[in-house]
Chemist: 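The following block contains the structure, expressed as structure tokens.
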Amino acid sequence: KNEVEQSPQNLTAQEGEFITINCSYSVGISALHWLQQHPGGGIVSLFMLSSGKKKHGRLIATINIQEKHSSLHITASHPRDSAVYICAGLNTGNQFYFGTGTSLTVIP
Amino acid sequence: EAQVTQNPRYLITVTGKKLTVTCSQNMNHEYMSWYRQDPGLGLRQIYYSMNVEVTDKGDVPEGYKVSRKEKRNFPLILESPSPNQTSLYFCASSSMMGYEQYFGPGTRLTVT
């Protein structure tokens, strides 16, 4: 069993829809990282958070450490948001454990 | 421009031929890490370094070596590559452990 689970694995949305990607983890973590991987393979960091909520543009990330759950929301989705979104937990042993990613396609 | 560079970007080699993938960052970051990405398995951490001369194993360190002699460089060494090390490799850095990471462009390695 993977220490970090993401859902859904695949997601198709119409442009403008509100999108939620979920990440749950079974190990104790000190922080959680949300990443975006473009179709060409490059990886960009979106958020690193250890509590509460962070917002950047149309992206919002929340985490509930006690419930071992984090969500990434995209408001007013756009075709350029099409990518794979990956969450990663930083455990107390300073190691990162990754989910297998959510592949998002936003249709115009 | 702040960046993490990796070389080579693509490499095809044969079993047992030692190779080094270089990683360099120009942001004076303390933390650097290597990951491999495989279909169905996602990203997995190989080794990481908290600072110069400080390295530690990640989730899948077998078959790999690293060194951190200078703050900016963190090479990944495969002493005797095997076909199961065929993968896409990423180097990343952050100012400190627990901060957002900057990723390199990736190195696609094929071992035949």
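Lettering of chains follows the sequences in order, A, B, ..., and the numbering in each one begins at 1.
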Chemist: Would you confirm whether A:Q95, through its side chain, and B:Y47, through its main-chain N or O, come within 3.5 Å as a donor-acceptor pair?
Modeler: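 Looks like no, no N/O pair under 3.5 Å.
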Chemist: On a heavy-atom basis, which atom in B:M97 and which in A:N94 lie closest, and how many Å separate them?
Modeler: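 Distance-wise, the nearest heavy atoms are CE-CB, 3.3 Å.
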Chemist: I'd like to know which of B:G58, B:G42, B:G104, B:S94 tops the heavy-atom pair count under 4.5 Å against chain A.
Modeler: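 Most heavy-atom pairs within the cutoff with chain A belong to B:G58.
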Chemist: For B:Y102, which atoms come within 4.5 Å of any heavy atom of chain A: side chain, backbone, both, or neither?
Modeler: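 Neither; nothing under 4.5 Å.
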Chemist: Write out, in numerical order, the residues from residues 61-87 of chain A with a heavy atom short of 4.5 Å from a heavy atom in chain B.
Modeler: A:I86
Chemist: Evaluate whether atom CD1 of A:I107 has more than 12 neighbouring non-hydrogen atoms of other residues, nucleotides or ligands under 6.0 angstrom away.
Modeler: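 Result for CD1/A:I107: enclosed.
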Chemist: In terms of hydrophobic clusters joined by side-chain contacts under 4.5 Å, are A:L90 and B:F103 together?
Modeler: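 In one cluster: yes.
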Chemist: What distance separates B:D59 CG from A:E3 CD, expressed to the nearest 0.5 Å?
Modeler: 6.5 Å
Chemist: Let me check something: do A:L59 and A:L11 share a hydrophobic cluster, defined by ILVMFWY side-chain heavy atoms less than 4.5 Å apart, either directly or through other members?
Modeler: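 Same cluster: A:L59 reaches A:L11 through Ile, Leu, Val, Met, Phe, Trp or Tyr contacts under 4.5 Å.
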Chemist: Hydrophobic clusters here meaning ILVMFWY residues chained together by side-chain heavy-atom distances under 4.5 Å, can you tell me if B:V4 and B:L11 are in one?
Modeler: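 No, it is not one cluster - the side chains of B:V4 and B:L11 are not joined through contacts under 4.5 Å.
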Chemist: Could you give the distance from OH (B:Y35) to CZ (A:F96), rounded to the nearest 0.5 Å?
Modeler: 5.0 Å
Chemist: For B:R108, I'd like to know if atom CZ has over 12 heavy atoms of other residues, nucleotides or ligands within 6.0 Å.
Modeler: no
Chemist: Mark yes when over 12 heavy atoms from residues, nucleotides or ligands other than B:K57 sit less than 6.0 Å from its NZ; otherwise mark no.
Modeler: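 Result for NZ/B:K57: open.
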Chemist: Non-hydrogen contacts under 4.5 angstrom with chain B: give the residues of residues 41-50 of chain A involved, or none if there are none.
Modeler: A:G41, A:I43, A:S45, A:L46, A:F47, A:M48
Chemist: Going hydrophobic residue to hydrophobic residue with side-chain gaps under 4.5 angstrom, can you get from A:I21 over to A:L32?
Modeler: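 Same cluster: A:I21 reaches A:L32 through Ile, Leu, Val, Met, Phe, Trp or Tyr contacts under 4.5 Å.
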Chemist: Identify the two heavy atoms, one from A:H33 and one from B:E100, that lie closest to each other, and give their separation to 0.1 Å.
Modeler: NE2-CA, 3.9 Å
Chemist: Test of understanding: clusters of I, L, V, M, F, W, Y form through side-chain heavy atoms closer than 4.5 Å, transitively. Do B:F90 and B:Y64 belong to the same one?
Modeler: no
